[in-house]
Novice: 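This is the structure I want to talk about, given as structure tokens.
We number each residue from 1, following the sequence as shown. Here the structure is a predicted model, which means the values were calculated and not measured.
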Amino acid sequence: METRPPLPPFTPETAAQKVRMAEDAWNSRDPDRVVQVYTEDTRWRNRSEFPVGREQVHAFLQRKWARELDYRLIKELWAAAGNRIAVRFAYEWRDDAGNWFRSYGNENWEFNELGLMQRRFASINDLPIKAEDRLFLWPLGRRPNEHPGLGELGL
């Protein structure tokens, strides 16, 4: 059986590691990579969509990153207990007309004993921003270690 360490039950340190690993995967904008951390029958709520299973999640992610261009994400651990992790996040992106947005949200994650995410509940709000108000300016891909997190940015 495939495992995705760190495994539950989570400590503050292993939960923070899991959060950074998720941030890195999502910043790759690669649905093939991202779906590998979810169970085959994963259940999601993301805004008004409710994908079930890796195939539907994969299709969701393809649509997302085709629409949300120049996507850059920061996640932060909020709380962890047992096999669950709560996360807050923000990401910046632009639409195909060049309008910029910062999306803010919270996620609740539940993992199985193998460290695969079986449930993900996300609530997200979008805020239009001016290009000059962007804060996530690293090159596309993984956020550099020295780049400030949400707390340091006052978000």
Novice: If the condition is salt bridge (Lys or Arg N to Asp or Glu O under 4.0 Å), which residues does E68 pass it with, not counting sequence neighbours?
Specialist: K64

Novice: Could you tell me whether a side-chain N or O of T42 sits under 3.5 Å from a main-chain N or O of T39, the two making a donor and an acceptor?
Specialist: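 No; judged by distance alone, with no hydrogens or angles, the pair does not exist.
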
Novice: Could you grab the distance from atom OH of Y91 to atom CG of N27, nearest 0.5 Å is fine?
Specialist: 11.5 Å

Novice: For P6 and Q17, which heavy atoms make the closest approach, and how far apart are they?
Specialist: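 Residues P6 and Q17, closest heavy atoms: CG-OE1, 3.8 Å.
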
Novice: If you compare all heavy atoms of N112 against all heavy atoms of Q118, which two are closest, and at what distance to 0.1 Å?
Specialist: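 Nearest heavy atoms, N112 then Q118: CB-OE1, 3.3 Å.
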
Novice: Please round to the nearest 0.5 Å and tell me the distance separating atom CZ of R119 and atom CG of N83.
Specialist: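 So the CZ of R119 and the CG of N83 are separated by 9.0 Å.
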
Novice: Short question: side chain of N108, backbone of A86 - any donor-acceptor pair under 3.5 Å?
Specialist: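 Absent.
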
Novice: Does the side chain of R120 come within less than 4.5 Å of E107's, by heavy atoms?
Specialist: yes

Novice: Do you know the tightest heavy-atom contact between G151 and E76?
Specialist: N-OE1, 3.3 Å

Novice: Tell me the salt bridge (charged side-chain N to carboxylate O under 4.0 Å, His left out) pairs involving residues 6-17, sequence neighbours left out?
Specialist: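 Every candidate salt bridge (charged side-chain N to carboxylate O under 4.0 Å, His left out) pair involving residues 6-17 fails, so no pair, neighbours aside, qualifies.
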
Novice: Rounded to the nearest 0.5 Å, what's the gap from CH2 on W78 to CD1 on I85? Could you check?
Specialist: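 Rounded to the nearest 0.5 Å, the CH2-CD1 separation comes to 15.5 Å.
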
Novice: Flag the pair R63 / E49 as yes when at least one side-chain heavy-atom distance between them is below 4.5 Å, and no otherwise.
Specialist: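 In short, these two side chains touch, coming nearer than 4.5 Å.
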
Novice: Between R47 and D126, is there a salt bridge with N-O shorter than 4.0 Å?
Specialist: yes

Novice: Looking at every non-hydrogen atom in both residues, tell me the closest pair between A15 and A80 and how far apart they are.
Specialist: CB-CB, 3.5 Å

Novice: Tell me the closest heavy-atom pair linking R45 and S123, and the distance in Å.
Specialist: NH1-OG, 3.4 Å

Novice: Could you check whether any side-chain heavy atom of R20 comes within less than 4.5 Å of a side-chain heavy atom of E23, counting everything from C-beta outward?
Specialist: yes

Novice: To the closest 0.5 Å, what do you measure between CZ (R94) and OH (Y71)?
Specialist: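 So the gap between those two atoms works out to 15.5 Å.
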
Novice: Side-chain heavy atoms under 4.5 Å apart, restricted to Ile/Leu/Val/Met/Phe/Trp/Tyr: what other residues fall into the cluster of L150, or is it alone?
Specialist: I74, W100, Y104, L127, I129, L135, F136, W138, L153, L155

Novice: Return each pair, listed once, that meets salt bridge (charged side-chain N to carboxylate O under 4.0 Å, His left out) where at least one residue sits in residues 95-106; pairs must be two or more places apart or across chains.
Specialist: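 The answer is E92-R102.
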
Novice: If hydrophobic clusters are built from ILVMFWY residues whose side chains come within less than 4.5 Å, do V57 and W65 share one?
Specialist: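 Yes, it is one cluster - the side chains of V57 and W65 are joined through contacts under 4.5 Å.
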
Novice: At what distance, to the nearest 0.5 angstrom, does CG of L77 lie from CZ of F89?
Specialist: 14.5 Å

Novice: Give a yes or no on whether the backbone of A22 and the side-chain of K75 come within a donor-acceptor separation of less than 3.5 Å.
Specialist: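 No; zero donor-acceptor contacts below 3.5 Å.
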
Novice: Specify the closest pair of heavy atoms between Q62 and P31, including all atoms of both residues, with the distance to one decimal.
Specialist: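 So the minimum-distance heavy-atom pair works out to CG-CG, 3.8 Å.
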
Novice: When you compare the side chain of W26 with that of L73, does any pair of heavy atoms fall below 4.5 Å?
Specialist: yes

Novice: Is the shortest side-chain heavy-atom distance between L140 and R72 below 4.5 Å?
Specialist: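 Of all side-chain heavy-atom pairs linking R72 with L140, at least one is under 4.5 Å.
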
Novice: For residues 29-42, which residue pairs qualify under salt bridge (charged side-chain N to carboxylate O under 4.0 Å, His left out), counting only residues two or more places apart or in two chains?
Specialist: E40-R54

Novice: Out of W109, F60, F50, F121, which residue meets the ring pair (Phe, Tyr, Trp, His ring centres under 6.0 Å) rule with W44?
Specialist: F60

Novice: Determine whether more than 12 heavy atoms belonging to other residues, nucleotides or ligands lie under 6.0 Å from atom CZ of R84.
Specialist: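 It does not: R84 CZ has 12 such atoms or fewer within range.
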
Novice: Test salt bridge (Lys or Arg N to Asp or Glu O under 4.0 Å) on E110 and R43; report intermediate values, then the result.
Specialist: CA-CA 10 Å; E110 182 180 77; R43 301 184 69 80; over 6 Å; no

Novice: Side chains of M117 and V37: does their closest heavy-atom pair fall under 4.5 Å?
Specialist: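 No; the side chains remain at least 4.5 Å from each other.
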
Novice: Tell me, do M21 and R4 make a side-chain contact under 4.5 Å, heavy atoms counted?
Specialist: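 Not in contact.
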
Novice: Which pairs pass side-chain hydrogen bond (donor to acceptor under 3.5 Å, both in side chains) with one or both residues in residues 145-155, sequence neighbours excluded?
Specialist: R142-N145

Novice: May I ask whether I124 and V34 are part of the same hydrophobic cluster, defined by side-chain heavy atoms of I, L, V, M, F, W, Y residues being less than 4.5 angstrom apart, directly or through others?
Specialist: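 Linked, I124 and V34 end up in one cluster.
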
